[in-house]
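One structure follows; several queries about it will come next.
Scope of the values below: all heavy atoms of this structure, side chains included, with no hydrogens, waters or symmetry mates.
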Amino acid sequence: MEKLVSSWFNNKTLPQSYIFPPETRPGNHINPRSNAIPVIDLGNASAHDRTLVVQQILKASQEFGFFQVINHGVSEDLMNDTMNVFKEFFELPAEDKADLYSEEFNRPCKLYTSSANYDGDKVHLWRDSLRHPCHPLEECIKIWPQKPTRYREIVAAYSIEAKKLGSRILDLISEGLGLDLGYFGNKLSESVVASVNHYPPCPDPSLTLGIAKHCDPSLLTILLQGDVFGLQVLNDGKWIGVEPLHNAFVVNIGHQLEVVSNNRLKGAEHRVVTNSTVARTTAAIFLNPSEDCIVEPAKSLIRADESPAYRAFKFKEFLYNYVTMGGNSEKSLEPFKLHG
């Protein structure tokens, strides 16, 4: 517990173990704010505008690997309650969180700091994190935090709505790719995992990161970003800030969608920068394949004049390699690429 950044960050200089090498530090590029990341109005996905929304999602997924959605159907009250209960969790006294803290890699519900492999980190990340599965809900909820008292009720309702939203977006993506409706509605999106990150104010944001450059191993990620800036996306060699928008979700393409789409969609690298004034809390819902799910390029997307870019693999095989390679995008995908 004493390793948690939130337990010692006050009035401290940045420890050496949190200082990134010069080439990966954010430096003065902490706040390259931008409205470049597309904002898509899902309220327009009615019959007459559905084609337009599908085209917007596909274009954003190809060019950025990221987009934001508004008018998405998740109530503002539920979004606010969820963000508040996550913030309340990290503000709990240490004794109320102690039984959840773990450095065991495979523990399903755990509070940890930096990464799941703290002792193996070359450089520590400026964040504390709570992670747990959300599906099947009736089983998973039993291992969730019992405090704050509203946690289980609110996060259960939220995880259901986030999963619905993710499934809706996946249906729009499958439509855009020309896949059968419901293509992603099987084992490809069976696993639902919540990852809540807390970034306390940092004494020197130019030297460290909340999360280092990576691409998500998921199929699709739905992020509740809150109102504090910090997320950056790498696009054409430049870091683009993702502006916090009221009542919006940030959506990004994971490695598995990259594979299934045979590289038609882009899993974008991204990172999180810190700030020196306010704490930032975010909540990601990862839609993942089940561990034994076979992931491969969709056969109907392979044209006569092209070959599959990846071999078939079990998701757990990919995940093991991803963790072993420290989330490095190229190295994570390399063993599964077919070089024709």
Side-chain angles (χ1 to χ4, degrees), residues 34-87 134-135 137 153-177 181-185 188-189 191-197 216 218-231 233 241-254 257 265 267-268 270 280-288:
S34 166
N35 57 4
I37 299 298
V39 179
I40 298 171
D41 188 344
L42 291 186
N44 290 332
S46 54
H48 66 288
D49 285 330
R50 186 177 177 90
T51 303
L52 175 63
V53 171
V54 168
Q55 289 170 350
Q56 289 174 333
I57 288 176
L58 223 58
K59 188 170 187 283
S61 301
Q62 290 162 345
E63 292 182 5
F64 295 96
F66 267 79
F67 52 93
Q68 299 205 59
V69 292
I70 57 174
N71 295 322
H72 38 65
V74 182
S75 83
E76 186 174 352
D77 284 348
L78 181 57
M79 292 173 74
N80 291 337
D81 286 348
T82 302
M83 181 57 79
N84 287 336
V85 85
F86 286 144
K87 288 178 179 177
C134 298
H135 183 81
L137 186 57
E153 175 193 351
I154 290 170
V155 177
Y158 175 74
S159 68
I160 290 168
E161 291 303 309
K163 165 77 163 134
K164 277 186 200 168
L165 174 60
S167 298
R168 185 179 168 203
I169 292 168
L170 286 169
D171 279 345
L172 293 165
I173 288 173
S174 62
E175 195 173 317
L177 291 172
L181 195 64
Y183 186 91
F184 297 105
L188 276 170
S189 61
S191 169
V192 183
V193 177
S195 180
V196 188
N197 288 317
D216 291 348
S218 60
L219 184 72
L220 194 75
T221 304
I222 309 286
L223 178 73
L224 181 58
Q225 178 172 220
D227 56 4
V228 181
F229 174 81
L231 177 63
V233 178
V242 182
E243 199 70 30
L245 295 180
H246 178 68
N247 204 26
F249 285 102
V250 180
V251 181
N252 66 281
I253 304 301
L257 251 180
L265 305 185
H270 51 287
R280 179 173 183 260
T281 302
T282 65
I285 293 284
F286 298 116
L287 300 187
N288 296 328

Legend entry - Note, Ser195 side chain near Phe286 side chain (heavy atom, < 4.5 Å): yes

Inset, instruction - Could you tell me whether a side-chain N or O of Asp216 sits under 3.5 Å from a main-chain N or O of Ser218, the two making a donor and an acceptor? - result: no

Legend entry - Non-hydrogen side-chain atoms of Val39 and Ile70 separated by less than 4.5 Å: yes

Legend entry - Rounded distance (nearest 0.5 Å) linking atom OG1 of Thr282 with atom CG of Asn197: 4.5 Å

Inset, instruction - Look up atom CG in Leu223 and atom CG in Leu231, then write down how far apart they are to the nearest 0.5 Å. - result: 6.5 Å

Legend entry - Flag, side chain of Gln62 to backbone of Ile57, donor-acceptor distance under 3.5 Å: no

Inset, instruction - Take Val155 and Val85 through the side-chain contact (heavy atoms from CB on, under 4.5 Å) test and state the conclusion after the steps. - result: CA-CA 8 Å; Val155 177; Val85 85; 4.0 Å; yes

Legend entry - Intermediate values then yes/no, side-chain contact (heavy atoms from CB on, under 4.5 Å), Val251 and Leu220: CA-CA 7 Å; Val251 181; Leu220 194 75; 3.8 Å; yes

Legend entry - Closest non-hydrogen atom pair between Glu243 and Gln68, with its separation: O-NE2, 2.9 Å

Legend entry - Minimal non-hydrogen separation, Ile222 against Gly166, with atom names: CD1-CA, 3.9 Å

Legend entry - Closest non-hydrogen atom pair between Val54 and Gly176, with its separation: CG1-CA, 3.3 Å

Inset, instruction - Report yes if some heavy atom in the side chain of Met83 is under 4.5 Å from a heavy atom in the side chain of Thr281; otherwise report no. - result: yes

Inset, instruction - Indicate yes or no for a side-chain donor-acceptor contact from Arg168 to the backbone of His72 under 3.5 Å, with no hydrogens or angles considered. - result: yes

Legend entry - Pairwise side-chain contact, Leu265 with Ile173, heavy-atom cut-off 4.5 Å (strictly under): yes

Legend entry - Polar side-chain atom of Thr82 near backbone of Tyr158 as donor-acceptor pair, under 3.5 Å: no

Inset, instruction - Mind listing the closest non-hydrogen atom pair of Pro38 and Phe66 along with its distance? - result: CD-O, 3.8 Å

Inset, instruction - Hey, could you give me the CG/CG distance between Asn288 and Leu219, rounded to the nearest 0.5 Å? - result: 8.0 Å

Inset, instruction - Run the numbers on Leu172 and Leu42 for side-chain contact (heavy atoms from CB on, under 4.5 Å), then give the verdict. - result: CA-CA 10 Å; Leu172 293 165; Leu42 291 186; 4.1 Å; yes

Legend entry - Taking every non-hydrogen atom, the tightest pair across Ile40 and Ala60: CD1-CB, 4.4 Å

Inset, instruction - Kindly compute the distance separating NE2 (His135) from OG (Ser159), expressed to the nearest 0.5 Å. - result: 10.0 Å

Legend entry - Minimum heavy-atom distance between Pro244 and Gly226, given as atom pair plus value: CB-O, 3.5 Å

Inset, instruction - Start with the C-alpha distance between Asn252 and Phe64, add both sets of side-chain angles, then the distance that settles side-chain contact (heavy atoms from CB on, under 4.5 Å), and finish with yes or no. - result: CA-CA 9 Å; Asn252 66 281; Phe64 295 96; over 6 Å; no

Distance-only donor-acceptor pairs under 3.5 Å for side chains of residues 73-80, two or more places apart:
residue : atom : partner : partner atom : Å
Ser75   : OG   : Leu78   : N            : 3.0
Glu76   : OE2  : His246  : NE2          : 2.8
Asn80   : ND2  : Glu76   : O            : 3.3

Inset, instruction - Give, for atom CZ of Arg50 and atom CG of Asn44, the distance between the pair rounded to the nearest 0.5 Å. - result: 12.5 Å

Legend entry - With Leu170, the side-chain contact (heavy atoms from CB on, under 4.5 Å) member among Leu188, Leu257, Leu181: Leu257

Legend entry - Minimum side-chain heavy-atom gap Phe67-Ile169 below 4.5 Å: yes

Legend entry - Leu224 side chain reached by Phe249 side chain, heavy atoms, under 4.5 Å: yes

Inset, instruction - With rounding to the nearest 0.5 Å, note down the distance linking OG1 in Thr51 to CD in Gln56. - result: 11.0 Å

